[in-house]
J.: 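Dropping a structure here in structure tokens format, bear with me for questions.
Because only heavy atoms are used, hydrogens play no part in the values below, and waters and symmetry mates are left out as well, while side chains stay in. We count ligands from 1, going down the list as the structure has it; atoms in each ligand are counted the same way.
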Amino acid sequence: MAETTAAHILIVEARFYDDMADALLDGAKHALDAAGATYDIVTVPGALEIPPAIAMALDGADEGGTEYDGFVALGMVIRGETYHFDIVANESSRAIMDLAVSESLAIGNGILTVENDDQAWARARRSEGDKGGFAARAALTMIELKKKLGTEK
Ligand SMILES: Nc1c(NC[C@H](O)[C@H](O)[C@H](O)CO)[nH]c(=O)[nH]c1=O
Ligand SMILES: CC(=O)[C@@H](O)COP(=O)(O)O
């Protein structure tokens, strides 16, 4: 029986809120460790920088750099006083979706878009919403689906 190789994942985390980023990363790492996946972690300033970081990783792979089976995007976007929330929330998610579809990428999107800190913490902590873990498991699921669909060509 062919041995399946462990998935190799790139976690791209936005550390706009350090403490919440820690919680999301804890959940994602816990899920990936439980699945036996390996991963690298890169950090960007905010959610808007996550899609370009994934694109840079793809370019790096094309140039002989690390090939990733999938990606986990982690971030927290909390509404403030201005329209900027909508830009950050909508553009980061749209760019991730565009990358996933155009490049057939397995991306788990753990960029939370919330109204306030209470909503943020209720979803970031592994002991509560565990959205970091959910995003990691979503990436792993899509990696397996890609393999399945790829072998069934
Ligand atoms: N307000 C939040 C941001 N804003 C920063 C942007 O994501 C970006 O880093 C900046 O516009 C420079 O290009 N980012 C978050 O991740 N979360 C926020 O609540
Ligand atoms: C999501 C954001 O960009 C937000 O943190 C910005 O806050 P504000 O709209 O009050 O400048």
J.: Near Gly46, which atoms of ligand 1 are under 4.0 Å from a heavy atom of that residue?
T.: 7 (O), 9 (O), 14 (N), 16 (O)
J.: Before accepting this row, confirm whether a basic side-chain N of the pair Asp86/Arg79 lies closer than 4.0 Å to the acidic partner's carboxylate O.
T.: yes
J.: Side chain, backbone, both or neither: which part of Tyr17 has a heavy atom under 4.0 Å from ligand 1?
T.: side chain
J.: For ligand 1, which atoms, with element, lie under 4.0 Å from some heavy atom of Ala47?
T.: 7 (O), 14 (N), 15 (C), 16 (O)
J.: Considering the heavy atoms of Gly80, write down every atom of ligand 2 situated less than 4.0 Å from one of them.
T.: 7 (O), 8 (P), 9 (O), 10 (O)
J.: Heavy atoms only: which of His84, Glu81, Met76 lies closest to atom 8 (P) of ligand 2?
T.: Glu81
J.: With a 4.5 Å cut-off on side-chain heavy-atom distances among I, L, V, M, F, W and Y, is there a chain of contacts connecting Phe71 to Leu32?
T.: no
J.: So do Met142 and Glu144 actually touch side chain to side chain, heavy atoms under 4.5 Å?
T.: no
J.: Look at atom 4 (N) of ligand 1 and say which protein heavy atom is nearest, naming residue and atom and giving the distance to 0.1 Å.
T.: Phe16 CE1, 3.4 Å
J.: Can you name the atoms of ligand 1, numbered from 1 with element, that are less than 4.0 Å from a heavy atom of His84?
T.: 4 (N), 11 (O)
J.: Please say whether Leu48 places an N or O atom under 3.5 Å from an N or O atom belonging to ligand 1.
T.: yes
J.: Under 4.0 Å, heavy atoms only, figure out whether ligand 2 is touched by the backbone of Thr82, its side chain, both or neither.
T.: both
J.: Heavy atoms, side chains only, cut-off 4.5 Å: are Val72 and Leu10 in contact?
T.: no
J.: Just one of Thr66, Asp69, Asp40 clears the side chain to side chain donor-acceptor pair (under 3.5 Å) bar with His8, so which one?
T.: Asp40
J.: Considering only heavy atoms, does Ile78 approach ligand 2 within less than 4.0 Å through its side chain, its backbone, both, or neither?
T.: backbone
J.: Decide, yes or no, whether a salt bridge links Asp26 with Arg125 under the criterion of side-chain N to carboxylate O below 4.0 Å.
T.: no
J.: Would you mind running through ligand 1 and noting each atom that sits below 4.0 Å from a heavy atom of Glu49?
T.: 8 (C), 9 (O), 12 (C), 13 (O)
J.: For ligand 1, which atoms have a heavy atom of Ile78 less than 4.0 angstrom away?
T.: 19 (O)
J.: Number the atoms of ligand 2 from 1 as they appear, then name those within less than 4.0 Å of a heavy atom of Val77, with their elements.
T.: 1 (C)
J.: Is there a path of hydrophobic side-chain contacts, each under 4.5 Å between heavy atoms of I, L, V, M, F, W or Y residues, that connects Leu112 with Val88?
T.: no
J.: Between Met76 and ligand 1, find which residue part has any heavy-atom pair under 4.0 Å and reply side chain, backbone, both or neither.
T.: backbone
J.: What are the two closest non-hydrogen atoms of Ile9 and Ala37, and how far apart are they?
T.: CG1-CB, 4.4 Å
J.: Is the shortest heavy-atom distance from the side chain of Leu58 to the side chain of Leu105 under 4.5 Å?
T.: yes
